[in-house]
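In what follows, every heavy atom counts, from backbone to side chain, and hydrogens, waters and symmetry copies are set aside. All residue numbers in this chain count up from 1 along the given sequence.
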Amino acid sequence: MTFGGVLMRTVFEGSVHVAYSQMYVDSRVDGAAIEGEHWAGQANGLCGAAVEGFLFLVTGMHTGRVGLTIEVHDGPPAVDGRWEDVVEAPFTPLTRAVRLAQWGDADACGFELDPVDHRVRYCAVGMDEASAHGVVSAGEQPVDRYLLQFWPAPAEPDRVVRQTSDRAAYWHRFARQQPPPPTPRERAAAARAAREEEARARAERAREYELRQWAGRLPTERLRRVGGNVHGMRMLDVHLVHAIARVDDATQRLIARWAAHRACAAAGLADVDWIASALAALDAGAPLPAPFDDPGEVWRRLLEDPNVPRTTITLPDGTTHNALRQAFALPALLGAAEPDSLQAALDALYAATVSHGTDHRAFLDEVRDTWPGLGVVPPAPPESPPPHFPFPPPTGDGFADTASGPRTSVAEVRPTASAPDPKTSSTPPRHRPPTTPPVARRSPGLGKGLASLIPASGPRHRPAGAATSMDGDRFVIVAGSSGRPAAAEPAAVHGLAGAPNKGVDPAGDGDGEEEPHDVG
């Protein structure tokens, strides 16, 4: 349709429900709520256009239906004299799809505009009468009517074309009292400050989470990066982990070898010829001999060699009562051969501790008694524990290392003269009560010994009467009716990739997050 020589199309004509004297035009993708700034720097208060891609339209009617017509022109139309109040403002749609939204975000209608600069004219009649009326009930005719016109035009400041009603005068005064909008530089600075504050808050939450996991003491950077069963060992004795991380590489290697000997001796593996050869190679710093160069063969030999004892234990968490002890002890030997001395010490100690089952606390006491130079003294508990933060621990390197400290030499950390022989002794020293009560709700995974080295050879290697058990995230070899161990099914093995780091719930979603504690 041509109106006054200008091509025009009507995209909406009818009535719209308003509440709190407002309705909106929105071209944004997210459609999120907006607080303030609608009239920043404006001269008119009827059409707030300070937020990009959004118009805040004021009506005289507080609640009820108002008459509305929306027109799209290809040029500026003439101002019709029947409208009492008329304002204009710049408007640039952010998307082609534009919607007229009612209070509460219900759509009244939708139409299209090219995403280029436009001029919008908002015309009103009957604002004072509608304001005095207050509410239009169902079935009543609208009191006030409005016209919204759009046409392409360069961006220019808003202006009041005509003002007649007292309501329009009130809103114009209100708009002119608002502070000017921030400059682009100020907006960029505010956005940058908000990002920096969010990053700072995220880092602080991550730091508090890490402190919670590590009993109030940040781990060294090396301890953060080490693989294997560091988190499993942390949940068994966090203070011992801190102490081992502070000593030098040579001492860590000695601790790893000692733990491997203790685990094998306690499980009756030290006198099995092919395991004894591996222990000797470990002591000499040489590569482990065959069959340790073939992970599948190691576990086949362990499960089928008649000279390997078959004894069961209750795991430290008390949930599995017939776990094959030898299957938990052998990973101590494998872990002690790790190239990284810290991982070797922690993996070997973890496997040795778990292989002692419900006697694991006594074994951890033995570690302290045998290596007094570690100086494992738990710090005093804080007056109030840090709050729980449900998100993953930090993976970057943006935190201070407060636990590094001076490293202790081999001469300062060594077994005492009265300590039991690591190759022969099986009598644990006295048992000390835990420093803090254990509160773990899920035990850590078994580690690489069981996760990656059990042969995926299928049922043909299963001795008669043996059984397997899936316990949460862990794969457990248990003894069946014949007392023989079970071979793992291939699906169970494949499902355990990465098991050394199981048992930690950094997401904090209630699925068994482990609290930092010392059960040794």
Side-chain angles (χ1 to χ4, degrees), residues 228-229 253-284 286-316 320 322-338 344-360 362-364 366-367 370 420-428 446-455 461 463 466 475-479 482-488:
N229 271 307
R253 190 64 67 184
L254 288 176
I255 294 172
R257 293 169 184 168
W258 175 87
H261 278 284
R262 281 295 293 116
C264 290
L269 298 176
D271 294 329
V272 178
D273 54 359
W274 56 279
I275 296 177
S277 299
L279 288 170
L282 182 69
D283 293 339
L288 299 184
F292 289 90
D293 55 350
D294 182 347
E297 181 64 16
V298 169
W299 289 98
R300 189 192 67 79
R301 289 281 293 273
L302 180 76
L303 299 178
E304 297 184 357
D305 187 344
N307 296 317
V308 172
R310 299 291 187 269
T311 56
T312 61
I313 55 172
T314 296
L315 293 183
T320 302
N322 59 340
L324 184 64
R325 183 175 192 175
Q326 289 69 30
F328 285 87
L330 189 63
L333 173 56
L334 300 166
E338 283 288 342
L346 296 177
D347 279 7
L349 272 177
Y350 174 75
T353 304
V354 174
S355 71
H356 280 74
T358 52
D359 292 331
H360 67 282
F363 174 73
L364 291 171
E366 182 182 350
V367 176
T370 305
D421 185 340
K423 297 184 181 181
T424 60
S425 173
S426 61
T427 304
L446 301 183
K448 71 174 180 112
L450 221 51
S452 59
L453 297 183
I454 295 178
H461 288 301
F475 183 91
V476 182
I477 295 186
V478 298
S482 67
R484 298 285 292 174

Next item on the list: Begin from the C-alpha positions of Leu288 and Asp293 and carry the test side chain to side chain contact (heavy atoms under 4.5 Å, CB included) through to its verdict.
Entry: CA-CA 7 Å; Leu288 299 184; Asp293 55 350; over 6 Å; no
Next item on the list: Please name the pair of heavy atoms, one in Pro309 and one in Leu269, separated by the smallest distance, quoted to 0.1 Å.
Entry: CD-CD2, 4.2 Å
Check: Between Ala332 and Ala259, which heavy-atom pair has the shortest distance, and what is it?
Finding: CB-O, 4.3 Å
Item checked: For Leu333 against Cys264, the heavy-atom pair lying closest together -> CB-SG, 4.4 Å
Check: With distance as the sole test, does Arg325 use its side chain to make a donor-acceptor pair with the main-chain N or O of Thr314 at under 3.5 Å?
Finding: no
Check: Can you find a heavy atom in the side chain of Leu349 that is under 4.5 Å from one in the side chain of Phe363?
Finding: yes
Checklist line | Non-hydrogen atoms of Glu338 and Arg253 that approach each other most closely | finding: O-NH1, 2.7 Å
Next item on the list: State, with a plain yes or no, whether a side-chain heavy atom of Asp347 is found less than 4.5 Å away from one of Pro331.
Entry: no
Notebook entry, point to check: Under 4.5 Å between any side-chain heavy atoms of Asn229 and Leu346, yes or no?
Noted result: no
Margin query: Do Arg257 and Asp283 make a side-chain contact, defined as non-hydrogen atoms from C-beta onward lying under 4.5 Å apart?
Written below: yes
Check: Between Pro291 and Val298, what is the shortest heavy-atom contact and its length?
Finding: O-CG2, 3.1 Å
Notebook entry, point to check: Do Leu324 and Phe328 pass the side chain to side chain contact (heavy atoms under 4.5 Å, CB included) test, and can you show the C-alpha distance, the side-chain angles, and the key distance before you say yes or no?
Noted result: CA-CA 7 Å; Leu324 184 64; Phe328 285 87; 5.6 Å; no
Next item on the list: Only counting residues at least two apart or in another chain, list the ones meeting side chain to side chain donor-acceptor pair (under 3.5 Å) with Thr311.
Entry: Gln326
Check: Atom CG of Asn307 and atom CD1 of Ile275: how far apart are they, to the nearest 0.5 Å?
Finding: 10.0 Å
Check: Could you state the interatomic distance from CZ (Arg301) to CG (Leu303), rounded to the nearest 0.5 Å?
Finding: 12.0 Å
Check: Just how far is it from atom CD of Glu297 to atom CD of Glu304, taken to the nearest 0.5 Å?
Finding: 8.5 Å
Note to self: Is the ring pair Trp274/Phe292 parallel, tilted or perpendicular, if the boundaries are 30 and 60 degrees?
What the structure shows: tilted
Next item on the list: For the pair Leu302 and Val272, evaluate side chain to side chain contact (heavy atoms under 4.5 Å, CB included) and give the outcome as yes or no after the intermediate values.
Entry: CA-CA 10 Å; Leu302 180 76; Val272 178; over 6 Å; no
Margin query: Show, in sequence, the C-alpha distance, side-chain angles and deciding distance for His261 and Leu279, and conclude whether the side chain to side chain contact (heavy atoms under 4.5 Å, CB included) test is met.
Written below: CA-CA 7 Å; His261 278 284; Leu279 288 170; 3.8 Å; yes
Next item on the list: To the nearest 0.5 angstrom, please state how far the OG1 atom of Thr353 sits from the CG atom of Asp359.
Entry: 12.0 Å
Check: Closest heavy-atom contact between Ala256 and Ala336?
Finding: O-CB, 3.5 Å
Note to self: Is there a side-chain contact between Ile255 and Val367 in this structure, where contact means two heavy atoms from C-beta onward sitting under 4.5 Å apart?
What the structure shows: no
